[in-house]
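Quick notes on the structure that follows.
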There are 2 protein chains.
Amino acid sequence: MAYRQTDKVSARLADTRRSILDAARDLVSEGGFAAAQVSEVARRAGVATGTIYRYFSSKEELCRQIFREVSSQEMGLLATIASGDEPARTRLVKVLRTFAGRAVKGRRLAYALLAEPVDANLAEERAFFRRTHAEIFSRILEDGIEAGELPPMNAKIAAACIAGAIPTALIGPLAPQSQDLDKDPERIVDEIVAFCLAGVGVAQPDRKARKIERRATV
Amino acid sequence: MAYRQTDKVSARLADTRRSILDAARDLVSEGGFAAAQVSEVARRAGVATGTIYRYFSSKEELCRQIFREVSSQEMGLLATIASGDEPARTRLVKVLRTFAGRAVKGRRLAYALLAEPVDANLAEERAFFRRTHAEIFSRILEDGIEAGELPPMNAKIAAACIAGAIPTALIGPLAPQSQDLDKDPERIVDEIVAFCLAGVGVAQPDRKARKIERRATV
DNA sequence: TCAAGAAATGAACCATGGTTCACGCCCCCC
DNA sequence: GGGGGGCGTGAACCATGGTTCATTTCTTGA
C-alpha cells in the first residue's frame, strides 16, 4: 500500500465536484439544459471532458443534480411560507407572489426548470418539482376551505390550474414581451396573481391593500 | 420532350402524399412527435424512407404540416364558437368547455401539440398555435369587458392564464390519473372551467345551470 | 527517491436518427 | 417499342453529442 486519500486531496476533489456543478448550473441558467453539453461544462469548470465522468456517472445524473439543487432551493422558499401560521389566504397570496416574482426574475432558469424540452429522465425530476408546487398550493387551499376562508372546491385541481397559469403567463410564447416584464414586473405579477386568487374565490383586495401585501413577499 | 405528368400520376402522387401525412399523424397521436421517425413513417405509409424526401424537404417540414393540419382544425372549432353572436360569457363558457373537453378526449395528441418536448422549429409552430388560442380567449374577454359582462382586467394576461391552466390541469404530471379522467371527465372539466371563469370574474352558475350549458358544447 | 495506485486527460469511439444518392423501374410521347 | 425523363428505393452517409479508455500526471507511504 502506497497511497491513501488524504484530507487535502478529498477537499480538492470536493472543490472540483463543486466547480463542475457550478459550471453546469451557470450554463443552465444562461441557456437552459440544452447549453449544458458535457464538453462545455468541462471547459467552464476548467477540467477535461473525461473528468466529468469521474464525478458523475452520466450527463443525465449531472443534470439531475443541478435540477435538484436549484429546485429544492425554490421549493424550500415556498414551503417555508406555506407552513407559516398566518391565515390561509395570506399565505396563499404570499406564495403566489413569491412563485411568480421569482419566475420573472430568473426567467431563463425558470424556463429550464418548468418548460424547456428535456428528455425523459429529467422530465421525471421536473414532474416531482411541479407536483411539489401543486401540493404546496393545494395544502394551503385545503386549509382555507376547512377554515371557511375559501369556498369549497377541488383543491388539487385548482392547484394544478395555478401551477399552469402562472408559468404560462410569465414564460414562453404567451408571456408579455421580455422588455415589458422588466419595465414593470409588479403590475404583471399582480394581474396574474389576481386571476389565480379570483379563481379560488378570493375577493380582490383593492389596490391599496395589494400594495401592503406586496411588501411581505420576496 | 417525352414526359409530362398526367392526371393519373398526379393523383397517385397526391395519394402518396396523403398517406404519408396520415401515417405521420397517426404516429403522432399515438406516441407524440418522438414516435414519428422518418423511417417509421415510411414503413407505415408503405413507402421507402427516401420517398418521404420526394414529398417533404425535411422531417421538420413534415412535422410542421402535421402540426398545422391538426391545430388548424382545433383552432377553427374554437374560432367558430368565439365568433358567434351570443353574449361573451356564453361564448366563453362554450370555448373553455370545448377546449378542455377535446384535450381530455385526445390526450396524447393534445400532449404532442401543447406539451411534448420538440425542437426549435416546431416550437415556433406551437407558439403560433398557443398564441392563437390566447387570442381567441382574449378577444372574448375584451368583448365581455366592453359589454359590462365582465369586470375590467388585462385580457391578454387573463387569456394566458387560461391557456396555461387548462392544459396543465389535464395533461402531464399535474393532471389527474388517466383512469380518473376516463371515469368522469365532465366533473374534472367542470372544475377546471369553474376555476377559469372565477378567475375572470364570472360568478359561478349552480350545478343545474351548468348542466344546461354543458349540452351546448362538443 | 521510488513504486503503487489514484486522478486527470482528450482524442477516439459509438449510438441515434435524419439525409442523400446511385440505381432500377415506370410512365409518357413520338 | 424505344428513349428521355420523373418516381421509388434503401443502404450508405453524416452530424451531433454523450461515453470510453490508454496514457500521462500527480500523491502518498516507505
Side-chain angles (χ1 to χ4, degrees), chain A residues 1-21 23-24 27-28 31-67 116-123, chain B residues 1-21 23-24 27-28 31-67 116-123:
Chain A
M1 169 184 61
Y3 179 92
R4 209 157 42 112
Q5 195 173 74
T6 186
D7 281 0
K8 202 182 72 177
V9 170
S10 67
R12 179 168 54 77
L13 293 195
D15 276 4
T16 303
R17 188 188 165 84
R18 191 66 257 154
S19 68
I20 292 172
L21 282 167
L27 283 167
V28 169
F33 285 98
Q37 297 174 200
V38 176
S39 58
E40 186 58 21
V41 171
R43 212 187 54 69
R44 277 258 190 142
V47 300
T49 309
T51 304
I52 304 283
Y53 287 84
R54 301 192 65 71
Y55 293 84
F56 302 92
S57 67
S58 66
K59 175 187 173 164
E60 180 205 318
E61 199 204 309
L62 171 59
C63 287
R64 228 203 280 267
Q65 293 296 334
I66 300 299
F67 209 105
E116 182 185 1
V118 295
D119 62 29
N121 320 296
L122 262 197
Chain B
M1 170 184 61
Y3 181 91
R4 212 158 39 111
Q5 196 174 74
T6 188
D7 281 359
K8 202 182 73 175
V9 171
S10 67
R12 180 168 52 79
L13 293 195
D15 277 3
T16 304
R17 187 187 166 84
R18 191 64 257 156
S19 67
I20 292 172
L21 283 167
L27 282 166
V28 169
F33 286 97
Q37 296 174 200
V38 177
S39 58
E40 186 59 20
V41 172
R43 214 187 51 71
R44 277 256 191 146
V47 299
T49 310
T51 303
I52 303 283
Y53 287 84
R54 301 198 130 276
Y55 292 84
F56 302 92
S57 67
S58 65
K59 174 185 175 166
E60 180 204 319
E61 199 204 308
L62 170 58
C63 287
R64 230 204 279 268
Q65 292 296 334
I66 300 300
F67 209 106
E116 183 186 1
V118 296
D119 62 28
N121 319 297
L122 262 198

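Keep in mind the model is a prediction, meaning the values are calculated, not measured. Here is how names work: the chains are called A, B, and so on, in the same order as the sequence lines, proteins then strands, and each is numbered from 1.
Considering only side-chain atoms of A:Ala48, the nucleotide from C:dT9, C:dA8, D:dC7 that sits closest is C:dT9. Candidate nucleotides C:dA8, C:dT9, D:dG8 were compared by shortest atom distance to the side chain of B:Thr51, and D:dG8 ranks first.
Side-chain contact between A:Val38 and A:Tyr53: present, with at least one pair of heavy atoms (C-beta onward) separated by less than 4.5 Å. Annotation: side chain of B:Phe67 is not in contact with side chain of B:Val28 (no heavy-atom distance under 4.5 Å). Between A:Leu21 and A:Leu62 there is a side-chain heavy-atom pair separated by less than 4.5 Å.
Distance CZ (A:Arg17) to P (C:dA7): 14 Å, rounded to an integer number of Å. Put simply, CD1 on B:Ile52 is 12 Å from C1' on D:dG8, counting in whole angstrom units.
Closest-nucleotide positions on DNA chain C for B:Arg54 and A:Gly46 were compared, and the one nearer the 5' end corresponds to A:Gly46.
A:Phe56 comes within contact range of no nucleotide atom at all, as no heavy-atom separation falls under 4.0 Å. Looking at heavy-atom distances under 4.0 Å, B:Arg12 makes contact with sugar-phosphate atoms alone, never a base.
Not a single donor-acceptor pair under 3.5 Å links the side chain of B:Glu40 to the backbone N or O of B:Ala35.
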Name the pairs: protein N/O against N/O of nucleotides 17-20 of chain D, kept only if under 3.5 Å.
{"from": "D:dG18", "atom 1": "OP1", "to": "A:Lys59", "atom 2": "NZ", "distance (Å)": "2.8"}
{"from": "D:dG18", "atom 1": "OP2", "to": "A:Val38", "atom 2": "N", "distance (Å)": "3.2"}
{"from": "D:dT19", "atom 1": "OP2", "to": "A:Tyr53", "atom 2": "OH", "distance (Å)": "2.5"}
{"from": "D:dT19", "atom 1": "OP2", "to": "A:Lys59", "atom 2": "N", "distance (Å)": "2.8"}
{"from": "D:dT19", "atom 1": "O5'", "to": "A:Tyr53", "atom 2": "OH", "distance (Å)": "3.3"}

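Of the residues A:Lys59, A:Glu60, A:Gln65, the one that meets the side-chain contact (heavy atoms from CB on, under 4.5 Å) test with A:Cys63 is A:Lys59.
With sequence neighbours excluded, no residue forms a ring pair (Phe, Tyr, Trp, His ring centres under 6.0 Å) with B:Phe56.
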